[in-house]
Amino acid sequence: MGVYDSTLTSKGQTTIPAEIREALKLKPGDKIRYVISGDRVYLRVKNGRLADLAGSLGKPPNGASLSIDEIDDAIMDAVAEDDARIVREWHEGST
């Protein structure tokens, strides 16, 4: 386990040491999530793309695959339906 130090600027910024960037395969534009647990902070790299997961679950049970566009459309439809449900329930609760 390595221990690396960094300094916080007056703007709240810091530089991630090169050894950590290399170990986590970080590149410009990657997203980093900070997770606080008690008195510890963990970094989680969010540089993966949904497309990178393609095939990771094996062949679909019904043998049919969806394109990324079809998956995106299905997600947008589900979010829109959920949003409509939330608005409907909110209006029902306010009357």
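One hydrophobic cluster, built from ILVMFWY side chains closer than 4.5 Å, holds both Y4 and L24. A single hydrophobic cluster is not seen to contain both L8 and Y34; linkage of ILVMFWY side chains at heavy-atom distances under 4.5 Å, directly or through other members, places them apart. Side-chain heavy atoms closer than 4.5 Å link hydrophobic residues (I, L, V, M, F, W, Y) into clusters, and following such links, even through other members, never connects Y42 to V45.
Under the side-chain hydrogen bond (donor to acceptor under 3.5 Å, both in side chains) criterion, R33 pairs with no residue, sequence neighbours left out. The side chain to side chain contact (heavy atoms under 4.5 Å, CB included) search around I16 returns I20, R21, L26, I32, not counting sequence neighbours. Annotation: salt bridge (charged side-chain N to carboxylate O under 4.0 Å, His left out) contacts of R40 (sequence neighbours excluded): none. Residues satisfying the side-chain hydrogen bond (donor to acceptor under 3.5 Å, both in side chains) test with E70, not counting sequence neighbours, are S67.
In this structure, the separation between CD on E89 and CD on E92 is 6.5 Å, given to the nearest 0.5 Å.
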Under 3.5 Å, which donor-acceptor pairs link side chains of residues 73-81 to any protein atom two or more places apart or in another chain?
none

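In R85, the CZ atom is crowded: over 12 heavy atoms of neighbouring residues, nucleotides or ligands sit closer than 6.0 Å.
Nearest approach of D30 to K25, heavy atoms of both residues: OD2-O, 3.7 Å.
Sequence neighbours left out, the pairs with a member in residues 5-19 that pass side-chain hydrogen bond (donor to acceptor under 3.5 Å, both in side chains) are S6-T14.
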